Amino acid sequence: MSASEPFPLISELKSLAAEFTRDLDQVTDLADLEERRVAFLGRKGRLAQIMSQLPSLDPAMRPEAGKVANEVKGELGALFDERQAQLMGAEAGKELADFDPSLPGREPWLGATHPVTLVTEEICAIFENLGYEIVTGPEVENDFHNFEALNMPPGHPARDMQDTLYVTDSILLRTHTSPLQIRTMLRREPPVAAIAPGKVYRRDSDLTHTPMFNQVEGLLVDTHVTMADLRGTLTHFVQLVFGPETRVRFRPSFFPFTEPSAEVDISCVMCGGTGFVDGAMCRVCKQTGWVEILGCGMVDPEVFRSVGYDSEKYTGFAFGLGVERVAMLKYGIGDLRMFFENDIRFIQQFT
Ligand code: PHE
């Protein structure tokens, strides 16, 4: 009876569906379920095998058998999805049951103030207490503020002292904070007492130089400002930062924007100026007992002229120091690179 030919196939499909339904009830976890899926619904699974017989059926029977096969396929897929959702929910619940809310939490990592920031703030606070005002200015400067107004006209040999990073012929990354002297004096009339922290840039990179570092500039202009004021101010400052026993030494030097100029040394913070630590040569001062910490001098009359101050009436002093250098000496940091690696373990030591 040819009309009954599709029926074996259809009953095969129906018993497959029943078997799959039973199996799903017994499955206990997702791995088991996946195994069932492959066996029944996989590309070479039992449903696929049955369906592969469809083309060999009598063409008259094919539509009916195909329809049932597709229905069974959809039904089994839906059963699978439902069971999968159940098992996933159960596994998530189990995970939640394993979770112990009474365990102490992990302590989050906290940031810390960078030693360069700490030292900058300390320096600024000391001068604020002396009545100085904090001023800031652009890191991208022009030639006028960085060089020309500081008594370094184009072609001046002193420009070679600083290896400059140029943006254009006349725009550059400031090589020192001294342009803040000019900007401050152009903005106001004397008396001026300003302290200017900031990043500076030079074409320099080796073990003891980085292309960017931090400076603090100081400027005092008034009637009757003398070199004695400079010395007194810097001694006060140094003893607050490095301790009251620290001694200060001025060495003659040269800067185009100060006259006379000096470099300031302090007694070595490592060996107290003796040159020796536990009988061995002090590596910080190389046994000289002194370390250089800043450059300074009396404001050159040419600088006053470029900002329109009367150099017959006013005198002033200026100084500039490297913040990383002060931080290294203050905290005994031996390697400049530590400041730039941002290792949290390093930074957290200074809070
Ligand atoms: N600007 C100088 C430098 O960067 C330091 C300095 C500042 C010297 C002010 C004298 C006066 O080296």
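Numbering of residues begins at 1 and proceeds along the displayed sequence. For ligands, and for the atoms within them, numbers begin at 1 and follow the listed sequence. Hydrogens, waters and symmetry mates play no part in the numbers below; they use all other heavy atoms, side chains included. Every value quoted in this text rests on a predicted model; they were computed, and no experiment measured them.
Shown in contact with Phe257 at under 4.0 Å from a heavy atom are these atoms of ligand 1, numbered in order with element: 1 (N), 2 (C), 6 (C), 7 (C), 8 (C), 9 (C), 10 (C), 11 (C). Every atom of ligand 1 is numbered from 1 in the order shown, and the set under 4.0 Å from a heavy atom of Gly295 is 6 (C), 8 (C), 10 (C). Short contacts between ligand 1 and Gln181, defined as distances under 4.0 Å to a heavy atom of the residue, involve ligand atoms 9 (C). Close approach of ligand 1 to Arg202 is summarised as follows: ligand atoms under 4.0 Å from at least one heavy atom of the residue are 3 (C), 4 (O), 12 (O). For ligand 1 and Ser178, the ligand atoms under 4.0 Å from any heavy atom of the residue are 1 (N), 7 (C). Every atom of ligand 1 is numbered from 1 in the order shown, and the set under 4.0 Å from a heavy atom of Gly320 is 6 (C), 7 (C), 9 (C).
For the pair Asp163 and Arg203, the salt-bridge criterion is not met [side-chain N within less than 4.0 Å of a carboxylate O]. Ion pairing between a basic and an acidic side chain is recognised when a charged N comes within 4.0 Å of a carboxylate O; Lys330 and Glu122 show such pairing. Taking the charged nitrogens against the carboxylate oxygens, Glu19 and Arg22 have no contact shorter than 4.0 Å, which rules out a salt bridge. The residues Arg37 and Glu34 are annotated as salt-bridged, a charged nitrogen and a carboxylate oxygen being separated by less than 4.0 angstrom.
For the pair Arg251 and Trp290, the NZ or CZ position fails the cation-pi test of under 6.0 Å to the six-membered ring centre and within 45 degrees of the ring normal.
At under 3.5 Å, a nitrogen or oxygen of Gln215, whether backbone or side chain, sits near a nitrogen or oxygen of ligand 1. Between Thr175 and ligand 1, a contact under 3.5 Å exists for no N or O pair.
Contact annotation for Cys296 and ligand 1: only backbone heavy atoms (N, CA, C, O) come within less than 4.0 Å of the ligand. Neither the backbone nor the side chain of Met298 comes within 4.0 Å of ligand 1, counting heavy atoms alone.
Using a distance-only test at 3.5 Å, with no hydrogens or angles considered, a donor-acceptor pair links the side chain of Gln239 to the main chain of Thr246.
Ring centroids of Phe304 and Tyr314 are separated by 6.0 Å or more, keeping the two rings apart.
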